[in-house]
Participant: 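Would you mind keeping the following structure in view while I ask a few things?
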Amino acid sequence: MSWNARGLGSSRAFNSLLSQKQAVNPDLLFLMETKASQTIMEWLHVRLGFEGKLVVNSSGNSGGLCLFWVANVKVELLSFSDAAKACAHLDVDDEELMDYGNQLRRSIFEAYSGILQGFKNAKAVVMMSYAQHLLQFIDRQTEG
């Protein structure tokens, strides 16, 4: 589940997130624009019932990213560029592998989108390193 939190400082925002989490019951929860500190995200991950977390703190009153996951999910952070390379060279005769590749592509696009949205109020120089990889990913997906 992906959620643009637009800040988690109010009880209304928390209750809305909790309601969605209970309705969907995701194994992974990606939050962007948390506008929250590491301490708040630590409390939130426990309160929502997740085992693991990865937090990128907000910068002042903007940004902030977080990934939570349940205990039975193994999370391994890979380079997006390595995943993009794998997506570009799939066996088109293997329908199951193509479906997995398409899901991976969508997930990469969503992750890049979340990263860029999380840094939307940051200086352009901060976002440039992510933008380059996103453009490389798009380029690889359009190769024939």
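The model shown is predicted, which means the values in this text are computed figures rather than measured ones.
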Participant: In chain order, what residues pass the side-chain contact (heavy atoms from CB on, under 4.5 Å) check against D27, with sequence neighbours excluded?
Facilitator: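 side-chain contact (heavy atoms from CB on, under 4.5 Å) list for D27, sorted by chain: V70, V73.
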
Participant: Side chains of L29 and L17, heavy atoms from C-beta outward: is any pair under 4.5 Å?
Facilitator: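 Answer yes - side chains close enough.
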
Participant: Hey, what do you get for CG (L31) to CG (L65), rounding to the nearest 0.5 Å?
Facilitator: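 Separation between the atoms: 9.0 Å.
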
Participant: Which donor-acceptor pairs under 3.5 Å do the side chains of residues 41-48 make with protein atoms, sequence neighbours left out?
Facilitator:
| unit_1 | atom_1 | unit_2 | atom_2 | d |
| --- | --- | --- | --- | --- |
| E42 | OE1 | K53 | NZ | 2.8 |
| H45 | ND1 | E42 | O | 3.1 |
| H45 | NE2 | F50 | O | 3.4 |
| H45 | NE2 | E51 | O | 3.2 |

